[in-house]
J.: 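Before anything else, here's the structure in question.
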Amino acid sequence: MPPIRSHGRNKKPPPDGFDDIEDTLLEFSNKMKDAENASHEGKKRHEMIWPIFQITHQRSRYIYDLYYEKEAISKQLYDWLLKQGYADANLIAKWKKQGYEKLCCLRCIQTKETNFSATCICRVPKDQLQENQTIECVSCGCRGCASSD
Amino acid sequence: MLKSTHKQVQFAPAQDALPDGWTEHKAPTGHTYYYNASTGQSTYQRPVSAPEPVQPGAATHSTEHNYIPLGFDSQQNLQHVDRFSQTSFRGGISGRGNYRGGRDFQDRRRQQADDRPKHKSAIPGYTPWVLVKTKMKRRFVYNPDTNESFWRIPEDLMKGVVELERIERERKERRQRGEPSDDEGEKVLTFDNKNSRHEDSEEYEEVEITEEEDSEDDRTSKKQRTIGDMEDQPVEFDEDDIAYQLKMMGQDYGLDPAEYGNPYEEELEEGAEGIPLTEDDTKALFRDMLDDYGINPYTPWETLIEEGRILQDDRYTVYTNMKARKDAWSDWSKDKMQILKQQREKQAKQDPRIPYLEFLQNHASPKLFWAEFKRKYRKEPEMRDSKLSDKDREKWYREHISRLKLSSSTLKSDLTALLKAAPLSALNRSTQLGALPSSILSDIRYISLPALTRDSLVQTWISTLPPAPETSELNAEESEEASKRRADRERREKALAAREKLVEEQKRRQQKELSYGRGRMREEERELARANQVTKTGLKGHFQDADEDIQAAGGRGVEET
């Protein structure tokens with residue numbers, strides 16, 4: 001997750017339509033700042049980074065929906081947003097694939113260097129889990145992101 | 001017998017009698033109120049009037065009657081069971097109610113009149129037969145084909161009725177669980193009185209009140225409540241009572257009694273919640289809500305829920321689960337975004353510099369450095385417009401500030417120069433001050449002078465200008481077409497010139513060849529003339545010369561063609 005590039009004084013103006021979504025993106029970045037500066041008191045070690053992943057997911061999903069589902073933003077703007085790092089292009093690339101429509105983060109489908117060489121528990125469909133088994137995956141706190149859920 | 005009781009009881013009240021037309025009633029809350037059926041008025045205060053002459057005999061009789069113990073009246077009713085079989089249940093109540101005196105008869109009569117069929121449901125498996133439920137929660141079977149009806153359900157129909165009961169119970173449970181009910185054959189009957197009377201009078205069977213446990217419970221509870229009301233015990237103030245109060249208010253406002261019905265109709269109204277919304281209605285309601293709250297379609301759903309503004313709205317609950325709501329919202333936002341997009345396309349594009357320069361004129365001051373100015377007004381839309389780069393903003397700000405320090409005469413001459421430069425088609429006598437061309441508005445020289453002096457200056461300048469040329473009246477499209485035509489014409493002329501040049505070239509070449517040919521001919525003629533002069537070399541020399549000539553001429557001929 002590279003940081004969002006600043007489009008400061010010497011940059012070209014963003015493409016048309018950015019004004020509409022600017023506020024929402026600003027809100028996301030404020031949330032991200034808060035998450036980054038949040039205290040670690042009383043949290044587990046791996047819990048610290050969960051909000052970061054969650055906000056990244058939300059923001060990527062927002063842009064993905066705007067472009068692919070609602071067709072509300074132009075191609076130029078979408079590309080520009082990806083280039084500026086507002087959305088994770090690799091994650092979006094996965095969402096386009098069957099079976100990965102709701103993928104929470106890229107780390108959860110990584111099979112290498114895991115204990116059983118398998119994907120994360122959150123990729124398991126709900127009906128294959130035991131009754132009343134609640135899960136929160138270690139990498140991003142996801143509670144289940146199988147496409148069939 | 002009952003009727004006679006009524007007549008005696010009507011004069012029963014121990015206190016002073018009510019004026020004519022007024023009747024005393026008791027609200028479920030225990031309040032006594034008075035109602036005038038003829039005028040439709042109702043009041044909590046006891047209406048007073050000229051005291052009516054009360055017959056002493058009747059009064060004594062009624063008091064006597066009031067102290068008749070409970071059993072008596074019910075016995076009477078039992079005696080009349082075969083006559084008024086369908087009213088036996090009510091008779092029981094009203095018999096007890098006689099303690100209260102005057103009002104119970106009113107109740108009874110109303111109940112008698114109001115016991116009407118309410119629901120009709122087909123008995124599964126026995127097609128022509130229907131099970132009719134009355135408002136008093138009693139029921140009978142009815143065959144519309146043969147026009148037969150029985151209070152006691154025949155043995156062979158019993159199975160179907162039990163089945164129907166089961167189905168209804170299931171549906172009720174489902175409704176309680178909040179699932180949508182598939183209301184099939186549940187229709188509110190509008191039997192006319194004649195029909196029901198016919199049924200009542202035709203069959204005098206013993207009333208089969210119930211065989212279901214739950215309906216029995218309902219009835220007893222209802223009975224108890226009614227009795228409780230009548231015995232003036234402290235009662236709980238429940239929803240029914242609230243509804244009743246509302247009705248009372250309706251009465252106070254002079255509504256007709258028929259509009260709100262009598263207090264015992266409350267059971268009827270519970271059917272009203274069952275009006276099913278269609279899919280489209282639900283969707284439209286939800287979308288209306290989103291529209292009403294002025295929600296930005298670009299906000300994500302999670303933010304919307306976190307804000308919680310729409311959660312309070314009733315229309316939020318038309319969908320029962322979050323997934324459906326989110327779907328409806330995404331549809332709505334999709335449509336809304338498209339509409340916004342189209343609107344934006346229609347809008348004329350304004351130069352982003354114009355609002356910024358106007359903002360500068362109003363707010364810029366030499367006391368502020370650019371950084372300070374930017375910081376101070378960073379929230380203004382003009383400062384955040386992404387069409388302009390910060391670099392440009394800074395440049396213009398500095399330029400503007402430096403120009404503010406110049407003398408006003410220089411600024412005025414600059415402005416005049418700017419106005420002079422504007423073409424007559426854009427700026428002429430008919431131009432309004434509010435609609436100056438953007439070429440002027442977006443120039444830094446325009447904002448240097450204070451607005452008042454500048455405006456008067458521009459005004460005077462405009463008044464000196466000649467009227468607009470004819471072409472200026474053409475709209476943009478026409479002018480574009482004209483320019484296109486002009487370009488076409490230029491292109492044609494250019495092509496023509498090139499062509500002429502080519503033709504010229506060819507002509508020149510032809511001319512050249514012609515002159516060359518003439519020269520050649522002259523040469524030949526001279527040759528001939530020379531040949532005619534026979535010299536001493538004789539004919540031999542002459543032939544040699546001719547051969548050479550012919551060869552040369554043939555080669556040239558080939559060349560020329």
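Labels below follow one simple rule: chain letters A, B, ... track the order of the sequence lines, proteins then strands, and each chain is numbered from 1.
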J.: Over all heavy atoms of both residues, which pair between B:Thr299 and A:Thr24 is shortest? Give the atoms and the distance, please.
T.: CA-OG1, 4.3 Å

J.: For B:Phe369, I'd like to know if atom CZ has over 12 heavy atoms of other residues, nucleotides or ligands within 6.0 Å.
T.: no

J.: Taking 4.0 angstrom as the limit, do A:Asp20 and B:Arg344 come out as a salt bridge?
T.: yes

J.: Pick one of side chain, backbone, both or neither for B:Thr303, based on which atoms fall under 4.5 Å of a heavy atom in chain A.
T.: side chain

J.: Look at atom NZ of A:Lys33 and say whether more than 12 heavy atoms of other residues, nucleotides or ligands are closer to it than 6.0 Å.
T.: no

J.: In this structure, are over 12 heavy atoms from other groups packed under 6.0 Å from A:Arg143 atom CZ?
T.: no

J.: B:Lys341 versus chain A, heavy atoms under 4.5 Å apart: side chain, backbone, both or neither?
T.: side chain

J.: Write down the atom of A:Ala72, the atom of B:Met337, and the distance for their closest heavy-atom approach.
T.: CB-SD, 3.1 Å

J.: The criterion is side chain to side chain donor-acceptor pair (under 3.5 Å); which residues satisfy it with B:Thr410, sequence neighbours excluded?
T.: B:Ser407

J.: Counting heavy atoms not belonging to B:Lys387, are there more than 12 under 6.0 Å from its NZ?
T.: yes

J.: Any idea which of A:Asp16, A:Ile73, A:Asp65 has the most non-hydrogen atom pairs under 4.5 angstrom with chain B?
T.: A:Asp16

J.: Are more than 12 heavy atoms from other residues, nucleotides or ligands located less than 6.0 Å from atom CD of A:Gln133?
T.: yes

J.: Quick one: which residue pairs count as a ring pair (Phe, Tyr, Trp, His ring centres under 6.0 Å) with a foot in residues 106-138 of chain A, not counting sequence neighbours?
T.: none

J.: If we ignore hydrogens and angles and just use 3.5 Å, is the side chain of A:Glu69 paired with the main-chain N or O of B:Lys334 as donor and acceptor?
T.: no

J.: Atom CD of B:Glu302 and atom CD of A:Gln54: how far apart are they, to the nearest 0.5 Å?
T.: 11.0 Å

J.: Is it the case that the side chain of A:Tyr62 and the backbone of B:Tyr298 share a donor-acceptor pair, with hydrogens and angles ignored and the cut-off at 3.5 Å?
T.: yes

J.: With a 4.5 angstrom heavy-atom cut-off, which part of A:Asp23 approaches chain B: side chain, backbone, both or neither?
T.: side chain

